[in-house]
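Take a look at the structure below.
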Protein chains: 2
Amino acid sequence: MIEQSTEPRPTLEAVAARAGVSRATASRVVNGGDGVREPLVERVRQAVEELGYVPNQAARSLVTRRHDAVAVVIAEPETRVFADPFFALQLRGISKELTAHDSQLVLLLTEGRDDHARVGRYLAGGHVDGALVFSLHLDDPLPGLIHGVPTVYGGRPGWSDGSRGAVYVDSDNRGGAREAVRHLVGLGRRRIAHITGALDQTSAVDRLDGFRDVMVDADPKLIAEGDFTPAGGERAMRELLDRCPDLDAVFAANDLTAAGALRVLRERERRVPEDVAVIGFDDMLPVTEQADPPLTTVRQDIEEMGRLMARLLLRGLDRTASAGVPAGGLAGAPASVVLPTTLVRRASA
Amino acid sequence: MIEQSTEPRPTLEAVAARAGVSRATASRVVNGGDGVREPLVERVRQAVEELGYVPNQAARSLVTRRHDAVAVVIAEPETRVFADPFFALQLRGISKELTAHDSQLVLLLTEGRDDHARVGRYLAGGHVDGALVFSLHLDDPLPGLIHGVPTVYGGRPGWSDGSRGAVYVDSDNRGGAREAVRHLVGLGRRRIAHITGALDQTSAVDRLDGFRDVMVDADPKLIAEGDFTPAGGERAMRELLDRCPDLDAVFAANDLTAAGALRVLRERERRVPEDVAVIGFDDMLPVTEQADPPLTTVRQDIEEMGRLMARLLLRGLDRTASAGVPAGGLAGAPASVVLPTTLVRRASA
DNA sequence: CGACGATCGGGGAGCGCTCTCAACGGCGGG
DNA sequence: CCCGCCGTTGAGAGCGCTCCCCGATCGTCG
């Protein structure tokens with residue numbers, strides 16, 4: 001119900017008065033109670049209880065310059081974010097970690113370029129202690145708009161100058177791709193195709209590189225560009241079958257793409273895995289297990305990646321906060337993390 | 001990169017000094033510039049620009065008691081939230097609407113009962129101007145923990161005393177279900193089964209009621225309980241087929257459930273729609289269109305529901321703010337909205 | 001038993017902003 | 001030509017909290 005609370009919330013002053021102590025003492029108790037003797041602590045606690053006191057975060061932030069909030073920026077245009085459980089899982093990992101550290105999650109969704117300025121302004125406004133940024137595209141202007149806010153990226157950012165020491169969490173896309181393709185080779189497949197992801201993202205590029213690492217002189221006709229969506233997977237699969245009717249395996253850049261490819265293979269009456277073996281990437285559970293046939297895929301622990309990002313950010317926050325690091329300094333900054341992947345064998349390959 | 005900004009951000013004071021005006025005038029310009037003459041407005045604007053001034057939200061909130069932030073509470077235990085694009089779509093609608101009103105979205109995910117207290121505390125803490133609460137279960141203690149925060153619910157809350165005047169946005173679950181079942185009847189089907197959703201949610205109950213409205217004396221054996229997931233759909237479908245091998249139609253509580261049912265029907269070699277017609281609910285696009293056969297379903301505009309929730313909340317905020325409504329009062333509060341549904345005919349029925 | 005040191009509690013400043021209120025200046029009407 | 005009113009600007013008082021600093025207080029050792 002829409003209502004406005006009129007009765008003013010109790011202030012620390014009120015708590016102090018009720019407990020018969022000074023505001024400072026009440027504050028100490030509320031913030032942990034160090035350096036206050038037991039009987040007083042108890043009295044203050046009780047006053048807090050009776051009055052239903054909750055600290056005013058705005059007032060607190062004003063002086064501490066901490067907000068106990070972290071922004072999660074998802075810079076994915078249009079609908080993709082939501083067709084894909086990927087973000088949802090990361091979000092869940094992040095949420096868990098932040099909750100454990102009493103931080104709030106401020107979600108910043110950008111729908112297009114116009115939104116970037118808004119996000120930049122928001123972050124610059126010092127509303128949050130740090131930012132977790134996802135799904136950057138190669139030419140994304142967003143990082144340039146982020147100043148003075150500790151940031152951890154989800155996935156290796158793609159800018160050219162060696163990632164400028166950015167902290168990121170990624171999985172071993174290239175290694176995972178290599179493992180998948182090697183598995184196909186081990187199965188005796190020779191005409192192995194690859195459907196890429198959206199090539200303006202490093203994850204897609206890295207998986208393609210992994211594919212090429214194994215298929216050193218792959219027929220360029222065996223590589224088709226997808227975009228991480230089932231529809232893109234279908235389109236690319238059709239293209240591939242038209243160009244190379246003799247292909248006997250497909251490594252798809254992610255499970256959604258693989259699902260699209262499977263559909264086209266069925267439609268064209270190729271048996272999987274007998275005629276064409278298929279491997280995906282992600283191990284997105286409902287998708288892979290319920291695919292027909294169940295999908296062999298490269299698993300990455302998505303939720304863990306989210307959790308790790310949050311942990312890295314929070315740790316960095318602590319570090320710099322306690323050890324007066326100079327502006328822009330990297331001293332003590334956590335390093336990026338690349339998580340390993342594992343091949344999960346199911347029926348499709 | 002993890003860095004701490006050391007250089008203090010410019011204050012309004014600094015802007016005022018640079019523009020050669022008082023802090024008050026600078027504040028006026030920053031907040032819209034009413035009642036300030038043009039030349040001064042321009043000077044202040046320029047000073048803001050040059051200094052890269054961004055208002056300190058904490059200081060502002062401290063005095064205005066507004067936060068320009070809205071909490072989105074998703075009280076869904078475990079993974080369901082994320083397997084289901086439902087929330088993602090609502091979130092997107094909400095995000096768009098909030099962005100248009102310069103409000104931020106604070107996401108509160110609860111993983112279990114323990115989290116409820118945390119959420120209640122957070123909301124009571126006056127960190128946000130209002131809350132949007134989703135996916136309540138019938139016995140959820142959360143509403144009881146929300147005090148003094150304007151709230152709009154996603155889906156009709158299920159408490160017994162007539163929803164206590166709560167504001168909610170829902171779609172016409174009962175009417176949509178009726179339409180679906182009538183369509184099946186119109187197709188000449190007589191042994192129509194229903195797979196329910198999780199019956200601790202009103203949406204599931206309402207759809208079941210709609211089913212019963214049409215199938216007044218339905219054989220109880222034709223109703224099986226699901227939980228809105230594909231796995232639940234599979235389980236229920238198996239049950240139904242075992243109990244009533246002669247059924248000729250299934251109305252599933254949502255598309256995910258229908259997808260599970262379709263899988264079982266294929267496995268049992270029933271043709272859809274020839275032997276068994278299937279209708280879902282939601283019109284979750286990738287699911288319905290790519291189902292085999294494409295799924296006839298009851299469409300609800302999920303993103304619009306989200307947008308509407310946000311709009312309702314923001315409007316209520318305005319209203320009460322301007323027209324000193326007494327505590328707990330409902331005067332001028334927006335009414336709940338129930339959105340219509342439409343039957344989308346595809347191949348499955 | 002007294003004095004010194006360590007520790008605890010209280011007073012007060014001030015974080016950056018908004019908003020009220022008073023002062024000021026310019027204009028039109030009498 | 002003067003008065004009064006309105007529109008514009010500036011000064012200042014807090015919003016609720018943290019934290020510094022100093023005085024009070026306790027324990028303890030000589």
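To find a chain, count down the sequence lines: A is the first, B the second, and so on, and within it residues start at 1.
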Listed pairs, N/O of protein and of nucleotides 24-27 of chain D, under 3.5 Å:
none

Protein-nucleotides 10-12 of chain D N/O pairs under 3.5 Å:
residue: D:dG10; atom: OP2; partner: B:Ser22; partner atom: N; Å: 3.1
residue: D:dG10; atom: OP2; partner: B:Ser22; partner atom: OG; Å: 3.4
residue: D:dG10; atom: OP2; partner: B:Thr25; partner atom: OG1; Å: 2.9
residue: D:dG10; atom: O6; partner: B:Arg28; partner atom: NH2; Å: 2.7

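Remark: the A:Gln46 side chain and the A:Glu42 side chain contain no N/O donor-acceptor pair separated by less than 3.5 Å.
Within residues 41-54 of chain B, the residues approaching DNA chain C are B:Tyr53, by heavy-atom distance under 4.0 Å.
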Apply the test side chain to side chain contact (heavy atoms under 4.5 Å, CB included) to residues A:Leu132 and A:Val73: give CA-CA distance (whole Å), side-chain angles for both, the deciding distance (0.1 Å), then the verdict.
-> CA-CA 6 Å; A:Leu132 299 174; A:Val73 182; over 6 Å; no

Residue pair A:Val29, A:Leu40: steps toward the side chain to side chain contact (heavy atoms under 4.5 Å, CB included) verdict | CA-CA 9 Å; A:Val29 173; A:Leu40 281 199; 5.9 Å; no

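Look at B:Glu49 and B:Arg45 and you find no salt bridge, because none of the NZ, NE, NH1 or NH2 atoms lies under 4.0 Å from a carboxylate O.
Side-chain contact between A:Gln104 and A:Asp68: absent, with no pair of heavy atoms (C-beta onward) separated by less than 4.5 Å. Side-chain contact between B:Leu313 and B:Val70: present, with at least one pair of heavy atoms (C-beta onward) separated by less than 4.5 Å. You'll find the side chain of B:Ile94 reaches within 4.5 Å of the side chain of B:Val72, heavy atoms only. Residues A:Val36 and A:Arg28 meet the side-chain proximity criterion, which asks for heavy atoms closer than 4.5 Å. Inter-residue side-chain proximity for A:Pro55 and A:Val30 is flagged as met; some heavy-atom pair is nearer than 4.5 Å.
Relative to the axis of its first five pairs, the axis of the last five pairs of the helix from C:dC1-D:dG30 to C:dG30-D:dC1 sits at 50°, rounded to 10 degrees.
In this structure, the CD atom of B:Glu38 is 11 Å from the P atom of D:dT9, given to the nearest Å.
Taking the six-membered ring for Trp and thresholds of 30 and 60 degrees, A:His127 and A:Tyr122 have nearly parallel ring planes, at less than 30 degrees apart.
To the nearest 0.5 Å, atom CZ of residue A:Arg156 and atom OG of residue A:Ser336 are 10.5 Å apart. Note that the OH atom of A:Tyr168 and the CG atom of A:Leu308 stand 12.5 Å from one another [nearest 0.5 Å]. To the nearest 0.5 Å, atoms CG (A:Leu123) and CZ (A:Arg118) are separated by 10.0 Å.
The outermost nucleotides of DNA chain C lying under 4.0 Å from heavy atoms of chain B, listed 5' to 3', are C:dG16 to C:dT20.
Between A:Gln90 and the choices A:Met309, A:Glu304, A:Glu303, the side chain to side chain contact (heavy atoms under 4.5 Å, CB included) rule is met once, by A:Met309.
When the side chain to side chain donor-acceptor pair (under 3.5 Å) test is applied to B:Ser22, the partners found at least two apart in sequence or on another chain are B:Thr25.
Each of B:Ala59 and B:Gly35 has a nearest nucleotide on DNA chain D; the 5'-most of these lies closest to B:Gly35.
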